[in-house]
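Structure first, then comments.
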Amino acid sequence: MSCSSTPFLLWFFLSLSALTLLITATKAKVPAIIVFGDSSVDSGNNNVISTLLKSNFQPYGRDFYGGQPTGRFCNGRIPPDFISEAFGLKPAIPAYLDPAYNITDFATGVCFASAGTGYDNATSKVLNVIPLWKELEYYKEYRRQLRAYVGKKKGNKILREALYLMSLGTNDFLENYYTFPTRRSQFSVRQYQDFLLELGENFLRELHGLGVRKLSITGLPPMGCLPLERATNIMGQNDCVPEYNNVASEFNRKLEGLVVKLNKELAGMRMVSAPSYDIFYQIITKPSQFGFEETEVACCSTGTFEMSYLCSQYNPFTCSDANKYVFWDAFHPTEKTNKIISDHLIPPLLAMFSH
């Protein structure tokens, strides 16, 4: 190596070090990811409650780290895991009720979500899961634990600078409104949308009152295209159910309006709508463009109606390569689908919250 090249190499490594520090500092602007919602973001809270809606057994988690079923309704990771990793935090967010973790793990990210829940308390009662108000109570408990662990000042800073993720609503329609007559006798579908958004607004206002300032909320997926809905749409040749997709699109538009309203009304609040509907619908309708071969049925079991305990490792029909499938079970996407959707949502989140 010539002497003349030494200063250049020194400059190069110093520049690289500075860049690394800059990237680290940028990512550190969000010290934790905190999650509320349903099975789209639940990392295992249902494992420890008395419900039939669980997924802490094979073949769930077969493509997760170590092939471990965690309670995620997926063969691998779910969107909050990918978002956490993108912000320079851990690659998997632990469930608050999982006894394997404690506040040392939760200080940089924690999940309060419960599969099967919704905005409507009546939805959580269908499968005896954690209602949204209870998720909030667990969060309040976590706040106290965090302050005791890192000190009040640092704890408040983490809680204020953390990015909060919310994703729910599908169960309110598919498990509740369209399945049981009670809410249908009380509300038209549009009135029910407004009822849910009112509940959502109350929840968001309460979070703001607790000091939450950075939040991303995800609306509904194209729920008429879930394998379970296609399987039961016999009259429609097992195609997507247009009514359900239209309801989802309309709800999402109203949700975006709510986000705009609350950003104006809540001091210091920076809230974004993280719309997954369009990218998800593109994957479903043009699967080959994303490297998928099967979109109508899921990987697990027959892929038409099975999830939770019906999605069993003993079922001989479960596919061998989940990467060919858009859906893992009759209700939930594969890790590959989750990754594509997350990669679509992450850049705007980084642009909004990493400075």
Side-chain angles (χ1 to χ4, degrees), residues 37-42 55 60 63 72-83 115 167-175 178 189 217-253 255-256 273-307 311 317-348:
D38 60 17
S39 61
S40 60
V41 291
D42 180 6
S55 59
Y60 287 98
D63 298 310
R72 288 167 173 80
F73 280 77
C74 188
N75 58 305
R77 290 196 285 169
I78 53 179
D81 299 324
F82 293 115
I83 292 169
S167 176
L168 69 166
T170 304
N171 298 313
D172 290 307
F173 291 97
L174 298 186
E175 281 186 18
Y178 287 113
V189 70
I217 187 165
T218 299
L220 305 179
M223 57 190 187
C225 295
L226 301 179
L228 180 63
E229 305 313 321
R230 294 177 84 135
T232 52
N233 187 24
I234 298 163
M235 298 299 288
Q237 285 79 50
N238 300 118
D239 203 351
C240 297
V241 182
E243 181 189 350
Y244 292 173
N245 283 351
N246 292 338
V247 166
S249 294
E250 190 171 28
F251 179 87
N252 291 344
R253 283 194 296 274
L255 180 64
E256 286 171 10
S273 170
S276 63
Y277 183 102
D278 289 345
I279 183 67
F280 204 165
Y281 191 69
Q282 284 179 42
I283 294 168
I284 291 165
T285 53
K286 300 173 182 175
S288 61
Q289 290 185 11
F290 299 89
F292 293 106
E293 295 178 12
E294 182 55 71
T295 186
E296 294 184 19
V297 297
C299 168
C300 196
S301 300
T302 66
T304 53
F305 65 89
E306 298 94 344
M307 63 174 173
C311 176
F317 297 108
T318 297
C319 78
S320 58
D321 183 2
N323 285 335
K324 295 177 181 177
Y325 287 71
V326 173
F327 290 94
W328 166 248
D329 66 16
F331 218 76
H332 303 100
T334 55
E335 179 183 63
K336 180 178 174 180
T337 305
N338 282 331
K339 177 75 163 61
I340 294 169
I341 293 171
S342 300
D343 286 347
H344 178 76
L345 299 177
I346 284 167

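Interatomic distance, CG of N245 versus OH of Y277, reported as 3.5 Å (0.5 Å rounding). Residue E335 holds its CD atom at 7.5 Å from CG of N323, rounded to the nearest 0.5 Å. Between the CD1 atom in I346 and the NZ atom in K339 there is a gap of 7.0 Å [rounded to 0.5 Å]. Summarising the geometry, atom OG1 belonging to T337 is positioned 14.0 Å from atom CD1 belonging to I78; distances are rounded to the nearest 0.5 Å. T334 OG1 to F292 CZ: the interatomic distance, rounded to the nearest 0.5 Å, is 4.5 Å. Atom CG in N171 sits 10.0 Å away from atom CE in M223 (nearest 0.5 Å).
For the residue pair S167 and S40, the shortest heavy atom distance occurs at OG-OG, 2.7 Å. Considering every non-hydrogen atom in both P80 and V41, the closest pair reads CG-CG1, 3.5 Å. Nearest heavy atom pair, residue T218 against residue S276, reads CG2-OG, 3.6 Å. Y281 and C225 make their closest contact through CE1-SG, 4.0 Å (heavy atoms, listed as atom of the first residue, atom of the second, distance). Counting all heavy atoms, side chain and backbone alike, A322 lies closest to D63 at CB-OD2, 4.2 Å. Annotation for V189 and V247: closest pair CG2-CG2, 3.8 Å, computed over non-hydrogen atoms.
Using a 4.5 Å cut-off on side-chain heavy atoms (C-beta onward), I283 and I341 make contact. The closest side-chain heavy-atom distance from P275 to N252 is not below 4.5 Å. Annotation: side chain of F290 is in contact with side chain of I279 (closest heavy-atom distance under 4.5 Å). A 4.5 Å side-chain heavy-atom check between R72 and D81 finds at least one atom pair inside the cut-off. Contact check for K324 versus C319: no side-chain heavy atoms found under the 4.5 Å cut-off. In this structure, the side chains of I340 and K336 come closer than 4.5 Å at one or more pairs of heavy atoms. In this structure, N75 and C299 have side chains that are not in contact, with every pair of non-hydrogen atoms separated by 4.5 Å or more. In this structure, the side chains of C74 and N338 come closer than 4.5 Å at one or more pairs of heavy atoms.
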Passes side chain to side chain contact (heavy atoms under 4.5 Å, CB included), L226 versus F327? Steps please.
-> CA-CA 8 Å; L226 301 179; F327 290 94; 3.5 Å; yes
Walk me through it: do C300 and C311 pass the test disulfide (SG to SG under 2.5 Å)?
-> CA-CA 6 Å; C300 196; C311 176; 1.9 Å; yes
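Paired with P333 under the rule side-chain contact (heavy atoms from CB on, under 4.5 Å), one option of W328, F280, Y325 passes, and it is F280.
One finds a salt bridge joining R230 and D239 here, because a Lys/Arg side-chain nitrogen approaches an Asp/Glu carboxylate oxygen to under 4.0 Å.
Checked by atom type, the side-chain pair E229/Y178 shows no donor-acceptor distance below 3.5 Å.
Under the 30°/60° scheme for interplanar angles, the aromatic rings of F73 and Y60 are found to stand perpendicular.
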